[in-house]
Amino acid sequence: MTEVINKVLKNLEDNYKPNAPVELESADGEIYNVVCEYNQPATKEDLESLEKYIDATIPDDYKMFLNSYNGARLLATYEEGMIIKSEGLELFDVANAIENSVNLDLEAKDIVVGIFLDDYWIVLNATENIISVWEYGEKTDSNLRFEQFVDRFMNSGRHAFWQDN
């Protein structure tokens, strides 16, 4: 069940060096310069605090991601030497995931793992390992595991693919 996250992590390592601009064709056909930024791996204490907060075991694919990068910014626009942080997918480090989950007053076992375009909260149900996307209080279930969601995002030209129904 973790083969997809292994593929995602290898793709990031091979094709998206930290802070090195790469040309990306978006879903609308526009060409953008994008970058990825990665945090250091999560510590054992980080993972324990997350499991304590959600009172559940972290799904294997999400744990593998955290063991590689305790947070990342994926496919953020890079223009004139600056990273536009509100664009792209931000996957939170453990501390920010917990803080944002508390602030959003989510149900038990739900954790905010990231945000897309400053509007879409990416929420992981830890017991089902299913991602939902929250926009202005409205929940859209993706029926995708964490690893599948990140893989789809990386392959979509950073498009809000969950809206394509």
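Heavy-atom basis, side chains included; hydrogens, waters and symmetry copies ignored.
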List for me each residue that meets side-chain contact (heavy atoms from CB on, under 4.5 Å) alongside [X], sequence neighbours excluded, and say none if there are none.
| X | result |
| --- | --- |
| E87 | T77, I84, L117, R158 |
| E99 | N96, N103 |
| T57 | E51 |
| N15 | N11 |

Taking all non-hydrogen atoms of both residues, which atom of [X] and which atom of [Y] are closest, and how far apart?
| X | Y | answer |
| --- | --- | --- |
| I111 | I54 | CB-CG2, 4.1 Å |
| N19 | P21 | O-CD, 3.5 Å |
| V35 | A20 | CG1-C, 3.9 Å |
| A126 | A56 | CB-CB, 4.5 Å |

- Item | L24 and I31: CA distance, side-chain angles, deciding distance, side-chain contact (heavy atoms from CB on, under 4.5 Å) verdict | CA-CA 6 Å; L24 175 78; I31 303 292; over 6 Å; no

- Query: Does atom CD of E48 have more than 12 heavy-atom neighbours from other groups under 6.0 Å away?
  - Reply: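 Counting other residues, nucleotides and ligands, CD of E48 exceeds 12 neighbours.
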
Mind checking whether [X] and [Y] sit in one hydrophobic cluster, side chains of I, L, V, M, F, W, Y counted as touching below 4.5 Å?
| X | Y | result |
| --- | --- | --- |
| L124 | F92 | no |
| V22 | Y78 | no |
| I122 | V102 | yes |
| I130 | V113 | no |
| L144 | L75 | yes |

Between [X] and [Y], is any pair of side-chain heavy atoms under 4.5 Å apart?
| X | Y | answer |
| --- | --- | --- |
| D118 | E90 | no |
| L74 | V150 | yes |
| D141 | I131 | no |
| D55 | K109 | yes |
| Q163 | V133 | no |
| D61 | V4 | no |
| N6 | M64 | yes |

Output the distance between atom [atom1] ([X]) and atom [atom2] ([Y]), rounded to the nearest 0.5 Å.
| X | Y | atom1 | atom2 | value |
| --- | --- | --- | --- | --- |
| I83 | R73 | CD1 | CZ | 8.0 Å |
| K63 | I5 | NZ | CD1 | 14.0 Å |
| Q40 | D93 | CD | CG | 12.0 Å |
| K7 | E147 | NZ | CD | 9.5 Å |
| N39 | S68 | CG | OG | 12.0 Å |

- Without hydrogens or angle criteria, can the side chains of D46 and S49 be said to hold a donor-acceptor pair below 3.5 Å?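 Note: D46 and S49 side chains miss the donor-acceptor criterion.
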
Could you pull out all residues at least two apart from [X] that satisfy side chain to side chain donor-acceptor pair (under 3.5 Å)?
| X | value |
| --- | --- |
| N155 | D151 |
| W121 | none |
| N125 | D110, T127 |

- Message: Once ring pair (Phe, Tyr, Trp, His ring centres under 6.0 Å) is applied, what residue pairs with a partner in residues 29-61 remain, sequence neighbours excluded?
- Response: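 Listed by first then second residue: Y38-Y69.
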
- Task: Can you tell me which residue pairs pass the salt bridge (charged side-chain N to carboxylate O under 4.0 Å, His left out) test with a partner in residues 12-35, sequence neighbours excluded?
- Result: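 Sorted result for residues 12-35: K10-D14.
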
- Message: Strictly by salt bridge (charged side-chain N to carboxylate O under 4.0 Å, His left out), give each pair with a member in residues 125-138 just once, sequence neighbours left out.
- Response: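 Every candidate salt bridge (charged side-chain N to carboxylate O under 4.0 Å, His left out) pair involving residues 125-138 fails, so no pair, neighbours aside, qualifies.
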
- Message: Could you go through Q148 and R152, starting from their C-alpha distance and side-chain angles, then the distance that decides it, and tell me whether this counts as side-chain contact (heavy atoms from CB on, under 4.5 Å)?
- Response: CA-CA 6 Å; Q148 294 170 312; R152 277 281 294 275; 5.6 Å; no

- Message: Which residues pass the ring pair (Phe, Tyr, Trp, His ring centres under 6.0 Å) test with Y62, not counting sequence neighbours?
- Response: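 So Y62 forms a ring pair (Phe, Tyr, Trp, His ring centres under 6.0 Å) with F146.
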
- Query: What residues, two or more places apart in sequence or in another chain, satisfy ring pair (Phe, Tyr, Trp, His ring centres under 6.0 Å) together with F116?
  - Reply: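 Residues passing ring pair (Phe, Tyr, Trp, His ring centres under 6.0 Å) with F116: Y120, F153, W162.
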
- Task: Using the side chain to side chain contact (heavy atoms under 4.5 Å, CB included) rule, pick out the option among I58, N70, L9 that qualifies with F65.
- Result: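 Of I58, N70, L9, side chain to side chain contact (heavy atoms under 4.5 Å, CB included) with F65 is met by L9 alone.
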
